[in-house]
Number of protein chains: 2
Amino acid sequence: MAPILNALDHEMSKLSHMERKLAERILASPGEVIHMGIRELAEQCGTSPATVTRFCKVFHFKGFPDFKVKLAAEIAQSDYGLQDGSSSYQDIVAGNPLSVIVEAMQSNHLASIRDTTSLLNIERLESVVDLLCKARRIDLYGMATSSIVAQDFYQKLIRIGVNCTAFSDSHMQITSASTLSKGDVAFAISYSGETPETIDALSCAGASGASTIALTSYGSSTLATNADIPLFSSSLEQGMRRGDMASRIAQLHIIDILFTGMVSTRFKDYIPKLEQSYLNVQQYRHKRGGQMK
Amino acid sequence: MAPILNALDHEMSKLSHMERKLAERILASPGEVIHMGIRELAEQCGTSPATVTRFCKVFHFKGFPDFKVKLAAEIAQSDYGLQDGSSSYQDIVAGNPLSVIVEAMQSNHLASIRDTTSLLNIERLESVVDLLCKARRIDLYGMATSSIVAQDFYQKLIRIGVNCTAFSDSHMQITSASTLSKGDVAFAISYSGETPETIDALSCAGASGASTIALTSYGSSTLATNADIPLFSSSLEQGMRRGDMASRIAQLHIIDILFTGMVSTRFKDYIPKLEQSYLNVQQYRHKRGGQMK
DNA sequence: CAAAACAAGAAAATTATTTTCATATTTAGA
DNA sequence: TCTAAATATGAAAATAATTTTCTTGTTTTG
């Protein structure tokens with residue numbers, strides 16, 4: 001599966017002192033090594049370029065550049081392998097070089113999307129899509145980070161002519177919620193599921209007769225319990241305070257599924273509007289560009 | 001699926017005669033090209049090494065060796081993907097059942113994050129993180145979908161006490177841009193890289209003396225060309241009008257990396273602020289909850 | 001305890017890549 | 001149409017990267 005890195009590890013005992021240092025460095029972060037020069041790698045291992053070249057030849061590569069290209073290919077493949085199975089969330093701590101952050105972030109976001117997808121309940125999603133399609137009016141509630149997700153959904157829905165509004169002001173949320181009635185939908189978003197403003201708004205909407213949907217991180221939360229239909233994004237390990245980054249990506253993933261589901265089931269109604277809104281923006285731009293010249 | 005080869009194909013019309021020959025040769029058998037020297041490739045295309053180097057820079061690579069390593073990684077990925085067929089971007093069409101949509105969406109979002117990560121230039125990211133950390137003031141520009149990304153970044157930066165603002169109003173963008181000066185940073189976001197309002201704002205910011213950063217989809221665009229430092233998220237096949245969904249996820253992925261990079265390099269300055277802002281929100285809520293009961 | 005074998009770096013040689021510069025070609029404007 | 005500017009391109013110089021050679025010091029072995 002990973003012939004090169006495997007070989008480095010396995011042949012470790014047969015290598016000389018400096019060669020072992022090289023092998024260790026490469027195994028530690030191969031992703032970094034493929035972007036290094038021979039001089040740089042040698043320095044980092046307290047050795048000389050000559051030794052690096054010899055090292056590459058020991059493993060039957062033409063030279064260092066050849067080694068890099070082959071290693072890059074191997075890494076790309078094994079990164080891909082992450083897709084099936086091992087999903088681990090990495091916490092990010094002080095002083096990490098950017099290359100480590102990039103890898104950790106990729107790993108977190110991939111895991112987050114995968115985990116969220118596997119938690120999805122198709123039937124429940126279908127009910128939500130159906131409710132949203134039939135809704136006379138849709139209210140979106142979300143504070144802080146979750147307001148970003150709400151705004152995103154809002155922009156999408158507007159483009160297909162759905163009557164909806166996104167609120168991040170807690171007073172406006174409640175005000176709007178109290179004017180909803182049967183056939184309307186309130187859609188509340190909260191990472192923790194414990195944001196009091198959002199809980200209040202959704203409860204109020206439910207009391208007014210609207211259907212209520214909650215999108216929160218997986219686990220029993222007040223918001224999810226109060227909703228007619230709860231949807232869940234994957235939750236990260238507790239205490240990872242910076243973990244709402246992956247969660248937001250997962251929530252947007254769900255939003256995309258819901259939106260695409262709406263467009264797909266009501267193709268004939270929505271697609272022309274989507275095309276039209278796209279073209280209108282283009283045309284407006286063109287006109288403006290012409291005027292400016 | 002294959003951002004580099006895709007870009008070569010897609011940008012073909014914008015390339016010059018010799019550059020097109022190069023693109024064609026590379027597309028014909030990329031697997032061969034990654035094992036060639038610059039001289040060899042030049043010869044096979046009846047051109048000079050100089051043109052090859054320039055060609056690589058057009059596509060924002062550091063140089064020919066950098067191009068080879070990145071291409072090797074991409075080929076390895078797509079080869080692997082062919083085995084289970086799940087790695088390509090899927091377009092979503094009418095009447096698809098939700099289960100298909102869910103799978104397609106997962107595939108798209110995963111591919112988007114992986115592709116974007118593989119395109120990242122660590123040194124460039126480091127420069128951006130450095131600029132952002134040292135900035136006296138940061139302006140964020142983005143229209144429509146991109147304003148969501150800008151808002152997201154804004155919320156993060158505010159939490160660590162950075163002096164910044166996110167604009168989606170084109171007049172405000174320009175107004176603010178013209179008041180920037182040396183030591184300030186303008187950060188523009190656009191999926192297409194051709195949003196006129198955003199281009200104007202970034203140019204204006206540059207003229208005012210600020211450092212300019214662009215975040216766009218991969219490929220040569222006006223916005224990227226005008227920026228001091230361009231950053232790229234992976235681009236989808238043309239014509240996939242609903243494709244900005246994956247792009248937005250990829251852009252948020254980059255924002256997360258930048259933000260985490262800032263926090264990580266300036267741990268001592270930022271973390272206390274981050275903790276404090278978190279605790280303050282909690283405390284405020286608790287107080288409010290008490291009063292209401 | 002020598003002689004052979006090996007490891008490893010310094011520096012030279014080679015090779016690869018990038019940049020500069022001069023020239024040819026195309027494009028845009030008068 | 002002609003000229004000026006912009007662009008494209010290759011030759012060659014400059015730079016950088018890599019490999020090889022040569023030397024030295026170390027370990028191993030008889």
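Proteins get letters first, then strands, A, B, ... in listed order; numbering begins at 1 in each. Just so you know, these numbers use all the heavy atoms, side chains as well, and skip hydrogens, waters and symmetry mates.
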- Classify every nucleotide of nucleotides 6-20 of chain C by which part a protein heavy atom approaches to under 4.0 Å, writing B for the base, S for the sugar-phosphate alone and - for neither, in 5'-to-3' order. -SBBB------BBBB
- Message: When you compare the side chains of Glu194(B) and Ser221(B), does any donor N or O come within less than 3.5 Å of an acceptor on the partner?
- Response: no
- Please check if atom CZ in Arg39(A) has more than 12 non-hydrogen atoms from other residues, nucleotides or ligands closer than 6.0 Å. no
- Query: Is the ring centre of Phe187(B) less than 6.0 Å from the ring centre of Phe153(B)?
  - Reply: yes
- note: Leu41(A), atom CG; dT19(D), atom C1'; distance rounded to Å ~ 15 Å
- Item | Residues His253(B) and Thr117(B): side-chain donor-acceptor under 3.5 angstrom | yes
- Task: Please report, rounded to the nearest Å, how far the C1' atom of dT18(D) is from the CD atom of Glu40(A).
- Result: 15 Å
- Message: Rounded to whole Å, how long is the line connecting atom CZ of Phe61(A) with atom C1' of dT19(D)?
- Response: 17 Å
- Got a sec: does the NZ of Lys62(A) have more than 12 other heavy atoms crowding it under 6.0 Å? no
